[in-house]
Amino acid sequence: MTARIIDGKARAERLVADVGAAVAARVAAGGSRPGLAVVLVGDHPASQVYVRNKRRTTEAAGMRSFAHDLPAATSQQELLARVDRLNADPAVNGILVQLPLPKHIDEEAVTERIAPLKDVDGFHPYNIGRLVLKRPTLRPCTPYGCMTLLKDTGEDLVGKHAVVIGQSNIVGRPMALELLMARCTVTVCHSATRDLPGLVRQGDIVVAGVGRAGFVRGDWIKPGAIVIDVGINRTAEGKLTGDVDFAAAREIAGWITPVPGGVGPMTIATLLANTLRAAELQDGTA
């Protein structure tokens with residue numbers, strides 16, 4: 001068996017096109033053009049790449065892009081004051097503060113300062129809480145994008161055993177909640193999990209988000225499983241690779257996402273979908 005590739009790049013392009021069409025229709029009907037403010041603190045190389053891609057895609061979808069590039073020495077109070085101004089700006093419908101932040105800044109304090117209806121990353125406790133209650137408003141982008149890719153396989157997700165490797169607030173925990181909403185049976189694994197390979201082998205769906213290149217071996221995968229690789233790691237040679245041993249897993253899985261070209265593009269596309277939804281929520285058209 002050779003797994004079918006889940007083409008996240010192509011799916012993301014379709015989603016961005018759909019969002020762009022909805023934005024055009026909104027503007028034609030007299031509505032405002034949604035605006036996304038992306039705040040970058042410091043000069044973290046990977047963050048600069050991510051932010052550049054987000055801003056370019058925002059403009060491609062017909063939205064307004066507001067760039068806020070701040071020096072690494074920016075204090076926490078200065079950053080919070082910037083977030084307050086963006087919260088109060090009616091032209092800004094979505095606010096994204098790129099993580100990681102410099103060590104002297106409390107990421108949780110910044111995340112919680114963003115107005116919940118402008119929290120297009122979906123990290124605010126209000127939005128996570130609504131996801132817990134199965135009443136989502138703005139959903140964390142990467143897990144929500146993963147759900148889009150899972151549904152695009154055409155497989156019936158109901159009742160499948162999903163194994164999530166990693167329990168981060170950004171991926172693992174909200175991913176488990178999304179899978180529960182899809183009526184999967186969910187196991188969340190982490191660094192203290194015993195017999196991790198044995199648990200992964202039970203998964204009809206495996207979502208890997210640990211940030212370690214090639215951590216999930218091919219022989220851990222159940223034949224025919226759907227493998228979603230959230231990891232983005234750079235090797236010593238500069239090559240991007242995921243958390244899953246792609247070549248080995250592809251010979252066993254039924255479906256698999258590549259890295260690059262899988263989950264990454266969907267995260268950005270879902271961010272734009274969230275920004276459009278945030279604009280609709282703010283003006284009461286959602």
Side-chain angles (χ1 to χ4, degrees), residues 1-12 14-15 139-168 170-191 193 195-235 239-270:
M1 174 186 294
T2 300
R4 285 166 285 185
I5 299 297
I6 304 173
D7 190 341
K9 184 174 184 291
R11 184 63 181 89
R14 295 199 302 274
L15 180 54
R139 297 152 81 162
C141 297
T142 297
Y144 194 17
C146 289
M147 293 307 300
T148 301
L149 296 179
L150 283 169
K151 291 171 183 176
D152 275 6
T153 65
E155 300 278 351
D156 184 4
L157 304 183
V158 176
K160 287 191 183 298
H161 183 188
V163 177
V164 179
I165 311 172
Q167 61 163 347
S168 72
I170 295 174
V171 178
R173 290 170 185 259
M175 188 75 234
L177 294 170
E178 288 281 2
L179 289 162
L180 281 171
M181 277 208 307
R183 301 190 65 203
C184 296
T185 299
V186 183
T187 299
V188 180
C189 302
H190 46 76
S191 59
T193 296
D195 188 21
L196 178 60
L199 281 173
V200 175
R201 290 187 186 104
Q202 298 176 29
D204 302 306
I205 300 167
V206 176
V207 181
V210 292
R212 293 175 59 183
F215 177 75
V216 179
R217 294 171 43 179
D219 62 3
W220 293 12
I221 303 301
K222 178 180 179 179
I226 307 172
V227 178
I228 305 292
D229 191 348
V230 183
I232 300 178
N233 311 284
R234 194 172 294 277
T235 66
K239 180 182 176 182
L240 287 179
T241 186
D243 289 349
V244 177
D245 181 344
F246 179 83
R250 190 182 181 190
E251 297 305 312
I252 301 170
W255 295 87
I256 192 168
T257 58
V259 177
V263 173
M266 278 304 300
T267 296
I268 297 177
T270 303

Specify the closest pair of heavy atoms between [X] and [Y], including all atoms of both residues, with the distance to one decimal.
X	Y	answer
Pro258	Ile5	CD-CG2, 3.9 Å
Leu199	Cys189	CD1-SG, 4.0 Å
Pro174	Pro140	CB-CG, 3.7 Å
Pro265	Ala12	O-CB, 3.4 Å
Ala213	Thr241	CB-CG2, 3.6 Å
Ala162	Leu179	CB-CD1, 3.7 Å

Any [X] side-chain heavy atom under 4.5 Å of [Y] side chain:
X	Y	result
Glu251	Thr2	yes
Asp152	Arg14	yes
Thr148	Leu15	no
Cys146	Glu178	no
His161	Thr187	yes
Phe215	Asn233	no
Asp243	Ile165	no
Val244	Trp220	no

Ile221 pairs by side chain to side chain contact (heavy atoms under 4.5 Å, CB included) with which of Ile256, Ile226, Val216?
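Testing each of Ile256, Ile226, Val216 against Ile221, the sole residue satisfying side chain to side chain contact (heavy atoms under 4.5 Å, CB included) is Val216.
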Sort out for me which residue in Val207, Thr270, Ile228, Ile6 forms a side chain to side chain contact (heavy atoms under 4.5 Å, CB included) with Val263.
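Looking at Val207, Thr270, Ile228, Ile6, the match for Val263 under the side chain to side chain contact (heavy atoms under 4.5 Å, CB included) is Ile228.
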Checking [X] side chain against [Y] main chain: does a donor-acceptor pair fall under 3.5 Å?
X	Y	result
Arg173	Gln167	yes
Thr153	Leu149	no
Ser168	Val171	yes

So salt bridge (Lys or Arg N to Asp or Glu O under 4.0 Å) across residues 218-230, not counting sequence neighbours, yields Asp204-Lys222, Arg217-Asp219
Which distance, rounded to the nearest 0.5 Å, do you find between the OG1 of Thr142 and the CE of Met147?
13.5 Å
Gap separating the CE atom of Met175 from the CD1 atom of Ile205, nearest 0.5 angstrom
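Result: 8.0 Å between the selected atoms.
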My understanding is that only residues two or more places apart in sequence, or in another chain, count here; which of them pass side chain to side chain donor-acceptor pair (under 3.5 Å) with Lys9?
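Per chain and number, Lys9 pairs via side chain to side chain donor-acceptor pair (under 3.5 Å) with Glu13.
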Go through the structure and list residues passing side chain to side chain donor-acceptor pair (under 3.5 Å) with Thr235, not counting sequence neighbours.
Glu237
For Tyr144, I'd like to know if atom OH has over 12 heavy atoms of other residues, nucleotides or ligands within 6.0 Å.
no
